[in-house]
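Everything numeric in this text was worked out from a predicted model, so none of it was measured.
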Amino acid sequence: MALVVAQEVPTSSTMAVPHGPAGVGAARRRMREELFASGAPDPVVDDAILILSELLSNACRHARPLNGSAGNGTQPVVRASWSRDAQGELTISVTDGGGPTRPLPATPSVTARGGRGLSIITALARDWGVRSELDGPRGGTHGVTVWAVLPPSSAFSDRIAASLDLGLASLDESA
């Protein structure tokens, strides 16, 4: 007789990520492990990891950390979180201390070294947005949360493959 033990798999997670490139890898690894453990399909996990990387990189490059500067005795951080609902839809968010501008997709030149992150997120996610947050117990400075929602199985790579299949099918029909 085999004994099967159910494992509690988290459907949501929140973590403080150091404000800078060093924390991005750790956040990606944790998200990957938790999403695979919760049964998320590989293409969705891959898209989620890319979105998390873009959101964290943007927060570190363009925004202040949540807890001010490193001079206050604590390490400056941003907050990353993700959750899967009962249907498998995945919401990813990164909260930071805000910056001089609101996040908007850019149209960089072909030779530009950056500026494509939110366009990538737009291509991968079903929806995304920005909301203001109160940062502090007395409603102090405003933070910003950028969030994105991935459908349960309609990963970008699946949509590309499907569109290629449709294109090839229409070519076959016209031949």
Side-chain angles (χ1 to χ4, degrees), residues 7-21 23-67 77-108 114-135 141-166:
Q7 179 182 0
E8 183 71 25
V9 178
T11 57
S12 66
S13 193
T14 300
M15 67 183 291
V17 179
H19 186 263
V24 177
R28 285 193 312 241
R29 282 187 296 279
R30 179 170 162 186
M31 175 188 256
R32 180 177 299 281
E33 290 169 5
E34 290 182 8
L35 290 179
F36 278 140
S38 72
D42 289 358
V44 172
V45 174
D46 292 341
D47 289 354
I49 297 300
L50 181 53
I51 288 173
L52 180 67
S53 296
E54 291 295 337
L55 293 177
L56 287 171
S57 296
N58 285 349
C60 294
R61 184 172 185 185
H62 301 291
R64 295 178 301 276
L66 285 172
N67 55 349
V77 298
V78 296
R79 185 173 53 250
S81 62
W82 51 89
S83 63
R84 282 185 79 209
D85 66 16
Q87 290 73 40
E89 190 166 79
L90 177 64
T91 301
I92 305 159
S93 63
V94 171
T95 303
D96 56 47
T101 60
R102 296 284 284 191
L104 294 170
T107 41
R116 293 170 184 81
L118 290 176
S119 295
I120 291 169
I121 291 169
T122 299
L124 296 176
R126 177 183 59 75
D127 195 13
W128 73 274
V130 181
R131 68 176 179 265
S132 295
E133 304 285 342
L134 292 178
D135 185 19
T141 62
H142 285 285
V144 171
T145 297
V146 182
W147 55 268
V149 179
L150 281 172
S153 62
S154 182
F156 183 68
S157 57
D158 293 340
R159 293 192 305 269
I160 294 297
S163 69
L164 290 174
D165 289 344
L166 288 175

Provide the closest heavy-atom pair for [X] versus [Y] in the form atom of the first, atom of the second, distance.
{"X": "Ala80", "Y": "Leu52", "answer": "CB-CD1, 4.0 Å"}
{"X": "Arg64", "Y": "Gly99", "answer": "NH1-CA, 3.9 Å"}
{"X": "Ala27", "Y": "Leu56", "answer": "CB-CD1, 3.7 Å"}
{"X": "Ala125", "Y": "Leu150", "answer": "CA-CD2, 4.0 Å"}

Are side-chain heavy atoms of [X] and [Y] found at a separation under 4.5 Å?
{"X": "Leu90", "Y": "Trp82", "value": "yes"}
{"X": "Thr95", "Y": "Val78", "value": "no"}
{"X": "Phe36", "Y": "Met31", "value": "no"}

Exercise. Yes or no on side-chain contact (heavy atoms from CB on, under 4.5 Å) for Val146 and Val94, after CA distance, side-chain angles and deciding distance?
Worked result: CA-CA 6 Å; Val146 182; Val94 171; 5.6 Å; no
For this session: Using the test side chain to side chain donor-acceptor pair (under 3.5 Å), find all partners of Thr91 that sit at least two apart in sequence or belong to another chain.
Result: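 For Thr91, no residue satisfies side chain to side chain donor-acceptor pair (under 3.5 Å) once neighbours in sequence are set aside.
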For this session: Applying side chain to side chain donor-acceptor pair (under 3.5 Å), name anything that partners Glu33, two or more places apart in sequence or on another chain.
Result: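 With sequence neighbours excluded, Glu33 shows a side chain to side chain donor-acceptor pair (under 3.5 Å) to no residue whatsoever.
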Exercise. Within the distance-only criterion (no hydrogens, no angle test), does the side chain of Arg84 pair as donor or acceptor with the backbone N or O of Ser38 below 3.5 angstrom?
Worked result: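 Yes.
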Exercise. Any donor-acceptor pair under 3.5 Å linking the side chain of His62 with the backbone of Ser57?
Worked result: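 Between the backbone of Ser57 and the side chain of His62 there is no qualifying donor-acceptor contact (under 3.5 Å).
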Exercise. With a 3.5 Å cut-off and no angle check, do the side chains of Thr14 and Ser81 form a donor-acceptor pair?
Worked result: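 There is no such pair (donor and acceptor under 3.5 Å, judged by atom type) between the side chains of Thr14 and Ser81.
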Exercise. Which value, rounded to the nearest 0.5 Å, describes the distance between Leu124 atom CG and Asp47 atom CG?
Worked result: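 CG of Asp47 is found 4.5 Å from CG of Leu124.
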For this session: Give me the one residue out of Asp46, Val45, Val44, Asp42 that meets side chain to side chain contact (heavy atoms under 4.5 Å, CB included) with Leu35.
Result: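 Only one option passes, and that is Val45.
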For this session: Under the side chain to side chain donor-acceptor pair (under 3.5 Å) rule, what do Arg30 and Ser13 come out as? Steps first, then yes or no, please.
Result: CA-CA 9 Å; Arg30 179 170 162 186; Ser13 193; 2.6 Å; yes
Exercise. Of all residues at least two apart in sequence or in a different chain, which pass the salt bridge (charged side-chain N to carboxylate O under 4.0 Å, His left out) check with Arg131?
Worked result: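 Arg131 satisfies salt bridge (charged side-chain N to carboxylate O under 4.0 Å, His left out) with Glu133 once adjacent residues are dropped.
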Exercise. Which is it for Ser12 and Ser83 under the side chain to side chain donor-acceptor pair (under 3.5 Å) test, yes or no, and what are the steps along the way?
Worked result: CA-CA 4 Å; Ser12 66; Ser83 63; 5.9 Å; no
